[in-house]
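Worksheet: the structure to be examined is printed underneath.
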Amino acid sequence: MSEMELSLLRQRSLEALRQKARRGELYFTVAVGYRKARHDRIEIDPDQRVREAIALVFRKFNEFHSIRQVHLWLRQEQIRLPAVEYAPLDQRIVWKLPVYNTVRHLLINPIYAGAYAFGRTYTQISVREGRKRVVRGYRRAQSEWEVLLPDHHEGYISWEEYTRNQRLIADNANSKGLMARGSVRRGDALLAGLLRCGHCGRRLHVSYSGTVGFCVRYYCRGSHLNHGTERCIAFGGIRVDGAVSAELLRVLAPLGIEAALRAIDARATDDSEVRRQLELALTQARYEAGLARRQYDAVDPDNRLVAAELERRWNDRLVEVHRIEEQLAALATAKMAMPSAEERARLMSLGADIEALWHHPGATAETRKRILRTAIVEIVAKVIGDTIDLVVHWQGGDHTRLTVPKNRTGGHRWTTEAETGDLIRALARQQPDAGIAAILNRSGKRTGKGNTWTESRVRSHRNTHGIAVYRDGEMAERGELTLDQTARRLMVSKITVLRLIGSGAIRARQVCKGAPWAIPEAEIAQLDARTALIRRPQPENPDQQTFIFQ
């Protein structure tokens with residue numbers, strides 16, 4: 001009977017706790033930034049420094065969309081966050097540089113959205129080797145919480161903003177399901193986390209190759225990893241990234257000026273937030289220094305056991321005040337000047353041309369990825385024949401279809417133009433490699449990488465495309481003469497031969513301007529040189545005779 005009574009008392013006590021939680025009145029501890037107003041109510045901490053430090057975390061997450069980036073920024077700027085330190089009889093607020101979990105707990109706790117939540121975790125009990133094992137702290141999904149009361153108290157953010165933050169946090173998780181896009185990572189792949197295979201529905205992976213890892217390639221290997229089957233699709237990322245970026249710029253072009261205005265405003269935001277936190281810290285440090293001074297003044301100077309300790313505390317508070325004042329002075333010295341009227345006008349002109357901003361050397365790949373993720377939900381990709389079909393799902397429900405040609409096997413973006421390749425093939429039957437390089441450079445032709453031609457580059461192109469090297473006497477075997485050979489055969493100057501070609505007396509072939517003339521030997525054999533020479537411009541004196549040298 002005693003055991004039964006104890007069990008009943010325990011059940012009644014637990015049910016009483018649950019009933020109190022359903023009313024939103026059960027508090028074992030209170031999150032930092034709040035304090036108990038009564039035994040069943042909480043209110044925001046009246047300490048202004050505490051309130052603004054917590055609000056800063058939510059503002060920075062709204063800017064960075066990443067817990068880690070907020071944490072790194074806080075550590076970089078040496079901004080401390082409040083924490084509760086529990087004493088045996090009381091608790092007090094201490095200020096510490098945050099760790100990752102500190103920032104994460106602030107962002108995922110619904111209490112800061114004005115909601116009361118109970119039963120967010122559960123305990124798992126199992127029996128192993130004949131002994132009971134209790135593991136606590138397993139998290140439940142929000143739909144499985146025992147109690148959730150929105151608008152329960154005053155919050156730092158709205159419930160809608162809290163819900164949006166949870167979606168962003170879940171979306172940033174890497175390798176956490178099919179729907180998570182993953183956080184923005186380093187690398188040149190702009191569409192990492194946005195591409196989905198149109199054949200199997202899995203997320204596409206990214207690989208980098210090349211000497212410095214700049215060659216991007218997207219591929220689907222989900223079925224290969226899970227089922228051991230063949231990979232679905234794979235394609236290069238340069239053309240796909242370029243096509244999606246061009247479509248994004250086309251859509252965002254009307255918003256360029258508004259983006260420029262926000263960039264100007266954001267330039268001064270970071271400095272003002274850091275300065276505000278330091279000013280609040282300085283106010284609190286000066287108060288604590290004054291309190292320590294008053295405590296020291298109130299003690300009997302002869303009681304050195306107490307006076308020495310109070311003097312030490314006073315000195316510590318003064319050192320902290322001096323440290324914060326130095327930080328404020330350094331921030332004022334390193335303050336970034338606001339743009340002048342000319343710089344503002346230049347930024348506005350850049351805002352009108354968003355494409356120039358997109359390709360600006362100062363725009364990093366991470367910035368471009370954030371812009372893409374803000375505008376695009378996901379992209380479904382299919383490989384059909386020699387093309388890549390893309391369906392871009394925009395934020396808001398609109399869709400855009402794009403078709404991108406797929407790289408041929410062995411093809412790359414450094415390919416020499418087809419016209420230049422045809423010139424090299426034709427010139428190789430008339431000139432050695434050094435002469436071909438000179439003709440191509442005079443014609444303004446460039447290699448696939450935009451370089452000028454050299455003998456070695458012409459040789460490399462020939463070897464790659466299977467073009468035979470020029471042999472001495474090759475033109476003679478085909479019955480062709482050069483301009484010099486024709487002039488010597490006719491015993492005239494080269495200018496005269498060019499005049500004969502221009503008048504149509506001699507039919508000759510030239511691959512391009514500046515290339516050697518190929519004159520069929522049959523044309524020279526059938527040509528009556530003396531008759532042809534009479535066609536030259538006649539002198540003013542009709543009695544002037546022409547000398548014919550035998």
Side-chain angles (χ1 to χ4, degrees), residues 21 24-38 40-86 91-121 139 142 145 147-172 265-266 269-281 283-284:
E25 300 173 356
L26 178 62
Y27 294 99
F28 296 108
T29 59
V30 181
V32 62
Y34 285 93
R35 71 172 189 175
K36 284 187 177 181
R38 300 193 302 273
D40 58 350
R41 285 289 180 268
I42 62 173
E43 64 181 8
I44 289 181
D45 197 313
D47 191 328
Q48 185 179 9
R49 185 185 177 191
V50 173
R51 297 198 310 271
E52 295 201 10
I54 294 176
L56 176 64
V57 174
F58 290 103
R59 288 200 304 272
K60 282 301 172 183
F61 183 79
N62 191 35
E63 177 182 346
F64 294 139
H65 294 174
S66 169
I67 298 177
R68 176 171 174 77
Q69 293 301 320
V70 174
H71 170 237
L72 293 178
W73 184 85
L74 293 171
R75 300 286 294 198
Q76 177 183 350
E77 300 296 339
Q78 295 293 301
I79 294 179
R80 302 170 185 268
L81 294 183
V84 179
E85 186 178 80
Y86 293 95
Q91 63 183 34
R92 65 189 183 93
I93 297 294
V94 295
W95 293 85
K96 302 177 181 178
L97 288 175
V99 296
Y100 177 84
N101 279 334
T102 301
V103 181
R104 181 176 178 272
H105 290 159
L106 284 173
L107 291 169
I108 67 173
N109 196 338
I111 193 173
Y112 296 103
Y116 178 88
F118 178 80
R120 293 188 296 159
T121 61
R139 293 190 175 277
Q142 182 175 321
W145 293 353
V147 179
L148 177 60
L149 304 175
D151 300 326
H152 177 265
H153 53 269
E154 184 181 359
Y156 285 84
I157 59 175
S158 64
W159 181 253
E160 291 75 15
E161 185 176 351
Y162 170 81
T163 304
R164 181 184 65 86
N165 290 346
Q166 304 316 301
R167 288 199 301 266
L168 287 174
I169 294 172
D171 196 36
N172 286 340
D265 296 336
T269 301
D270 286 349
D271 284 349
S272 63
E273 290 178 342
V274 174
R275 186 183 303 104
R276 179 59 178 167
Q277 293 299 315
L278 288 176
E279 289 173 351
L280 293 174
T283 301
Q284 181 175 353

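Bear in mind the structure is a predicted one, so any value in this text is a computation, not a measurement.
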Residue pair Asn109 / Arg120, side-chain heavy-atom distance below 4.5 Å: yes

Step through it carefully: locate the ring centre of Phe118, locate the ring centre of Phe28, and say whether they are under 6.0 Å apart. no

Has Arg68 got more than 12 heavy atoms of other residues, nucleotides or ligands less than 6.0 Å from its CZ? no

Table please: side-chain donor-acceptor pairs of residues 155-164 below 3.5 Å, with sequence neighbours left out.
unit_1 : atom_1 : unit_2 : atom_2 : d
Tyr156 : OH     : Gly33  : O      : 2.8
Ser158 : OG     : Glu161 : N      : 3.2
Tyr162 : OH     : Ile108 : O      : 3.0
Thr163 : OG1    : Trp159 : O      : 2.9
Arg164 : NH2    : Asn62  : OD1    : 2.7

Can you confirm if the NZ or CZ of Arg49 lies within 45° of the ring axis of Trp95 and under 6.0 Å from the centre of its six-membered ring? yes

Flag side-chain contact, heavy atom, 4.5 Å: Pro46 against Arg35: yes

May I have the step-by-step check of side-chain contact (heavy atoms from CB on, under 4.5 Å) for Leu56 and Glu52, ending in yes or no? CA-CA 6 Å; Leu56 176 64; Glu52 295 201 10; over 6 Å; no

List the steps and the verdict of side-chain contact (heavy atoms from CB on, under 4.5 Å) for Glu85 and Arg92. CA-CA 5 Å; Glu85 186 178 80; Arg92 65 189 183 93; 2.8 Å; yes

Has the side chain of His71 got a donor or acceptor atom that lies under 3.5 Å from a matching backbone atom of Ile67? no

pair Val94-Val84: side-chain heavy atoms closer than 4.5 Å: no

Flag side-chain contact, heavy atom, 4.5 Å: Glu154 against Glu43: no

Could you tell me which non-hydrogen atom of Ala53 sits nearest to which non-hydrogen atom of Leu81, and how far apart they are? O-CD2, 3.9 Å

So do the side chains of Ile169 and Gln166 get within less than 4.5 Å of each other, counting heavy atoms only? yes

Measure the CH2-NZ distance between Trp73 and Lys60 for me, rounded to the nearest 0.5 Å. 4.5 Å

Flag the pair Leu168 / Phe64 as yes when at least one side-chain heavy-atom distance between them is below 4.5 Å, and no otherwise. no

Side chains of Phe61 and Val57: does their closest heavy-atom pair fall under 4.5 Å? no

What's the spacing between Tyr100 OH and Arg75 CZ if we round to 0.5 Å? 14.5 Å

Would a 4.5 Å heavy-atom cut-off, applied to side chains only, mark Glu25 and Arg41 as touching? yes

Greater than 12 external heavy atoms within 6.0 Å of Lys96's NZ: no

Closest non-hydrogen atom pair, Pro82 against Val50: CG-CG1, 4.0 Å

Which pair of non-hydrogen atoms, one from Ala21 and one from Val147, has the smallest distance, and what is that distance? O-CG1, 3.5 Å

Can you tell which of Asn101, Leu107, Leu106 makes a side chain to side chain contact (heavy atoms under 4.5 Å, CB included) with Val103? Leu107

Output for pair (Ile54 CD1, Ile44 CD1), nearest 0.5 Å, gives 8.5 Å

One pair to check against side-chain contact (heavy atoms from CB on, under 4.5 Å): Ile111 and Tyr116. What are the steps and the verdict? CA-CA 6 Å; Ile111 193 173; Tyr116 178 88; over 6 Å; no

Partners meeting ring-ring contact (aromatic ring centres under 6.0 Å, His included) with His153 (sequence neighbours left out): Tyr34

Nearest-0.5 Å distance, CG of residue Leu278 to CZ of residue Arg80: 10.5 Å

